[in-house]
Asker: 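Structure provided below as structure tokens; questions to follow.
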Amino acid sequence: MYNRARYLIFFQYIGTKYSGAAKVPPLQTWVKGVQDHIEDALQRLRPLNPVSLYISSRTDSGVHALSNSAHFDFQRKNDKPPFTEDILVEALNFHLRTEQIRELDVGAMSEAAAVFVGTHDFSSFRAMNSDAAFKNPVKTLDVVRIEPRRGFICEHFHRDVPLWELTFQSKSFLYKQVRRMTGALVAVGQGRLTLTKLKEIMEARDSLAYPSTMTAPPQGLFLTRVNYSESDLLLSPQTSASTPSTGVSDE
């Protein structure tokens, strides 16, 4: 039993695609907890004993962690000595690397972003609501930009986490247009959508042509600012003095 050791590990994770820190029931195969992935990585190290992870703090679905911790017992086969701390960390990170973050083809995304710039019929990129029939689907996008950014998460994670900021600038947008454009650009960056298919979706001018599962979630979407020209703030002759003009579109 000299080759059996107890380890305390500290780990970080971006919890977006996990059900939480704890292990999920065996029949729940469509999503996993962080514990499932770490235990799978430990099993790849071929322990003699069944390894169970005891997590110090549970987190809810989607919650991130800068430093969670857990302990486990690990016994190697054939009377091999326990792993050193450095070797264990390197081995676990190697087997967990495929579970982390998927790299984006930013060059392909930039090429796809150019499809949106200018004046187009964005019918395929709006979600239908009660006002849809009254809104003109033709919009002019002045800017669609993809830039690297460093944020809070980069300062605290031990791994280089690339963050990209997508900027859309227009006088007005259709319902969920920005989320649909973002989802399409990310799909291009992940190789799930070709530039040709993106153009076909645009040219269809049909909301149903856009895959509903591709829409980006609202988290991470910011209204950065609203710009006004001087003429927007002037009273027109037709405007009553008691009714101020805002110049803000409700689209």
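Nothing here was measured: the structure is a model prediction, and the numbers come from that model. Residue indices begin at 1 and follow the sequence shown.
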Asker: Would Trp164 and Val178 show up in the same hydrophobic cluster when neighbours are defined by side-chain heavy atoms closer than 4.5 Å?
Answerer: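 As far as the 4.5 Å side-chain criterion goes, Val178 and Trp164 are connected within one cluster.
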Asker: Establish, yes or no, whether the cationic atom of Arg6 lies under 6.0 Å from the six-membered ring centre of Phe72 and within 45° of the ring axis.
Answerer: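 No - Arg6 does not lie over the ring of Phe72 by the 6.0 Å and 45° rule.
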Asker: Distance only, no hydrogens: is a donor on one side chain within 3.5 Å (strictly under) of an acceptor on the other, for Ser19 and Ser61?
Answerer: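 Ser61 and Ser19 do not have a side-chain donor-acceptor pair below 3.5 Å.
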Asker: Side chain of Asp105, backbone of Ala108: donor and acceptor closer than 3.5 Å?
Answerer: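 Such a contact is found between Asp105 side chain and Ala108 backbone.
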Asker: So does Ala65 get a backbone contact from the side chain of Asn68, meaning a donor-acceptor N/O pair under 3.5 Å?
Answerer: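 Looks like no, no N/O pair under 3.5 Å.
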Asker: Evaluate whether atom CD of Glu90 has more than 12 neighbouring non-hydrogen atoms of other residues, nucleotides or ligands under 6.0 angstrom away.
Answerer: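 At most 12 heavy atoms, drawn from other residues, nucleotides or ligands, come within 6.0 Å of this atom.
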Asker: Is there any ring pair (Phe, Tyr, Trp, His ring centres under 6.0 Å) pair reaching into residues 41-61, and which pairs are they, with sequence neighbours excluded?
Answerer: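 Those involving residues 41-61 are Tyr54-His71.
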Asker: Check for me, please, whether Val89 and Leu8 land in the same ILVMFWY cluster - side-chain distances under 4.5 Å, paths through other members count.
Answerer: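 In one cluster with Val89: Leu8, no.
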Asker: Given the rule that I, L, V, M, F, W and Y join up when any side-chain heavy atoms are under 4.5 Å apart, are Tyr7 and Leu48 in one cluster?
Answerer: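 Result: no, two separate clusters.
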Asker: Quick check for you: to the nearest 0.5 Å, what is the distance between Ser124 atom OG and Gln177 atom CD?
Answerer: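 That separation rounds to 11.0 Å.
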Asker: Do Gln35 and Glu39 have side-chain N/O donor and acceptor atoms under 3.5 Å apart?
Answerer: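 Yes, because at least one side-chain N or O of Gln35 sits under 3.5 Å from a partner of the opposite role on Glu39.
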Asker: Distance-only, no hydrogens or angles: does the Arg180 side chain make a donor-acceptor pair with backbone N or O of Ser207 under 3.5 Å?
Answerer: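 Yes; at least one donor-acceptor contact below 3.5 Å.
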Asker: Run through the side-chain heavy atoms of Ile, Leu, Val, Met, Phe, Trp and Tyr, join any pair under 4.5 Å, and report what else lands in Leu27's cluster.
Answerer: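 Under the 4.5 Å side-chain rule, Leu27 groups with nothing.
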Asker: Answer yes if the side chains of Asp86 and Thr84 hold a donor-acceptor pair under 3.5 Å, and no otherwise.
Answerer: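 Asp86 vs Thr84: no donor-acceptor pair found between side chains.
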Asker: Quick one, Pro137 and Leu174 - any side-chain contact, counting heavy atoms below 4.5 Å?
Answerer: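 In contact.
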Asker: Please enumerate all residues that pass side chain to side chain contact (heavy atoms under 4.5 Å, CB included) together with Thr16, with sequence neighbours excluded.
Answerer: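 Ile14, His64.
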Asker: Could you tell me which residues satisfy side chain to side chain donor-acceptor pair (under 3.5 Å) with Arg205, sequence neighbours excluded, listed by chain and number?
Answerer: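 Once residues adjacent in sequence are excluded, Arg205 has no partner under the side chain to side chain donor-acceptor pair (under 3.5 Å) criterion.
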Asker: Side chains of Thr196 and Thr194: do they bring a donor and an acceptor to under 3.5 Å?
Answerer: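 Note: Thr196 and Thr194 side chains miss the donor-acceptor criterion.
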Asker: Does anything in residues 185-225 form a ring pair (Phe, Tyr, Trp, His ring centres under 6.0 Å)? List the pairs, not counting sequence neighbours.
Answerer: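 Of all non-adjacent pairs touching residues 185-225, those that pass ring pair (Phe, Tyr, Trp, His ring centres under 6.0 Å) are Phe125-Tyr210.
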Asker: Going by an N to O cut-off under 4.0 Å, is there a salt bridge joining Asp40 and Lys32?
Answerer: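 Yes.
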Asker: Same cluster or not: Phe74 versus Phe10, using hydrophobic residues (I, L, V, M, F, W, Y) connected whenever any side-chain heavy atoms lie under 4.5 Å apart?
Answerer: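 They do not share one cluster, since no chain of ILVMFWY contacts under 4.5 Å joins Phe74 to Phe10.
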Asker: Can you measure from CZ (Arg76) to CZ (Arg46) and round to the nearest 0.5 angstrom?
Answerer: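 One gets 9.0 Å once the value is rounded to the nearest 0.5 Å.
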Asker: Compare every heavy atom of Leu42 with every heavy atom of Leu53, then report the nearest pair and how far apart it is.
Answerer: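 Minimum heavy-atom contact is CD1-CD1, 4.3 Å.
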Asker: Taking all heavy atoms of Ser170 and all of Asp142, pick out the closest pair and write down the distance.
Answerer: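 Closest pair (atom of Ser170, atom of Asp142, distance): CA-OD2, 4.2 Å.
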Asker: What are the two closest heavy atoms between Ile201 and Pro211, and how far apart are they?
Answerer: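 For Ile201 versus Pro211, the nearest heavy atoms are CD1-CD, 4.0 Å.
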Asker: When rounded to the nearest 0.5 angstrom, what is the spacing between CD in Glu203 and NE2 in His120?
Answerer: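 That separation rounds to 10.5 Å.
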Asker: Quick one: side chain to side chain donor-acceptor pair (under 3.5 Å) partners of Gln12, sequence neighbours excluded?
Answerer: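 In terms of side chain to side chain donor-acceptor pair (under 3.5 Å), with neighbours along the sequence ignored, Gln12 is linked to no residue.
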Asker: Who pairs with Thr59 by side chain to side chain donor-acceptor pair (under 3.5 Å), at least two apart in sequence or on another chain?
Answerer: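 With sequence neighbours excluded, Thr59 shows a side chain to side chain donor-acceptor pair (under 3.5 Å) to Tyr13, given in chain and number order.
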Asker: Who passes side chain to side chain contact (heavy atoms under 4.5 Å, CB included) against Val144, sequence neighbours left out?
Answerer: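 Side chain to side chain contact (heavy atoms under 4.5 Å, CB included) list for Val144, sorted by chain: Ala113, Phe116, Val117, Leu141, Phe168, Leu185.
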Asker: Between atom CD of Glu165 and atom OG1 of Thr224, what is the distance when rounded to the nearest 0.5 Å?
Answerer: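 That separation rounds to 8.0 Å.
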Asker: Quick test of your reading: applying salt bridge (charged side-chain N to carboxylate O under 4.0 Å, His left out), list the pairs with at least one residue in residues 218-227, sequence neighbours left out, ordered by first then second residue.
Answerer: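 Listed once each, the pairs would be none.
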Asker: Is it true that atom CZ of Arg58 has more than 12 heavy atoms of other residues, nucleotides or ligands lying nearer than 6.0 Å?
Answerer: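 It does not: Arg58 CZ has 12 such atoms or fewer within range.
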Asker: Could you measure the distance from the CD1 atom of Ile38 to the CZ atom of Phe11? Nearest 0.5 Å is fine.
Answerer: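 The CZ atom of Phe11 is 4.0 Å from CD1 of Ile38, to the nearest 0.5 Å.
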Asker: With the 4.5 Å side-chain cut-off for hydrophobic clustering, are Val24 and Val51 part of the same group?
Answerer: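 No; tracing contacts between hydrophobic side chains, which count when under 4.5 Å, never links both residues.
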Asker: Give, for atom CD1 of Ile146 and atom OG1 of Thr167, the distance between the pair rounded to the nearest 0.5 Å.
Answerer: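 Result: 9.5 Å between the selected atoms.
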Asker: Please report the shortest heavy-atom distance between Ala187 and Met214, naming the atom on each side.
Answerer: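 Shortest heavy-atom separation between Ala187 and Met214 comes out as CB-SD, 3.6 Å.
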Asker: Can you name the nearest heavy-atom pair linking Ala21 to Ile55, along with the distance?
Answerer: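 Looks like O-CD1, 3.2 Å.
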Asker: Can you name the nearest heavy-atom pair linking Asn49 to Asp73, along with the distance?
Answerer: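 It is ND2-O, 3.1 Å.
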Asker: For a quick check under 3.5 Å, do Lys139 and Ser172 share a side-chain donor-acceptor pair by atom type?
Answerer: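 Yes - a donor-acceptor pair under 3.5 Å links their side chains.
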Asker: Using side-chain contact (heavy atoms from CB on, under 4.5 Å), reason through Lys135 and Tyr175 one step at a time and then give a plain yes or no.
Answerer: CA-CA 9 Å; Lys135 304 296 184 183; Tyr175 180 54; over 6 Å; no
Asker: Go through Val186 and Leu193 one step at a time and tell me if the side-chain contact (heavy atoms from CB on, under 4.5 Å) criterion holds.
Answerer: CA-CA 9 Å; Val186 171; Leu193 183 69; over 6 Å; no
Asker: Considering residues at least two apart in sequence or located in another chain, which fulfil the side chain to side chain contact (heavy atoms under 4.5 Å, CB included) criterion with Glu85?
Answerer: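 Applying side chain to side chain contact (heavy atoms under 4.5 Å, CB included) to Glu85 gives none.
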Asker: Quick one: list whatever passes side chain to side chain contact (heavy atoms under 4.5 Å, CB included) with Leu195, sequence neighbours left out.
Answerer: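 For Leu195 the side chain to side chain contact (heavy atoms under 4.5 Å, CB included) partners, ignoring immediate neighbours, are Glu111, Ala112, Val115, Leu198, Lys199.
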Asker: Would you say Leu45 and His95 make side-chain contact, with heavy atoms under 4.5 Å?
Answerer: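 Yes, side chains in contact.
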Asker: What pairs with Gln169 under side chain to side chain donor-acceptor pair (under 3.5 Å), at least two apart in sequence or on another chain?
Answerer: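 Listed in chain order: nothing, the list is empty.
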Asker: Start with the C-alpha distance between Arg44 and Phe94, add both sets of side-chain angles, then the distance that settles side-chain contact (heavy atoms from CB on, under 4.5 Å), and finish with yes or no.
Answerer: CA-CA 11 Å; Arg44 294 186 186 119; Phe94 174 80; over 6 Å; no
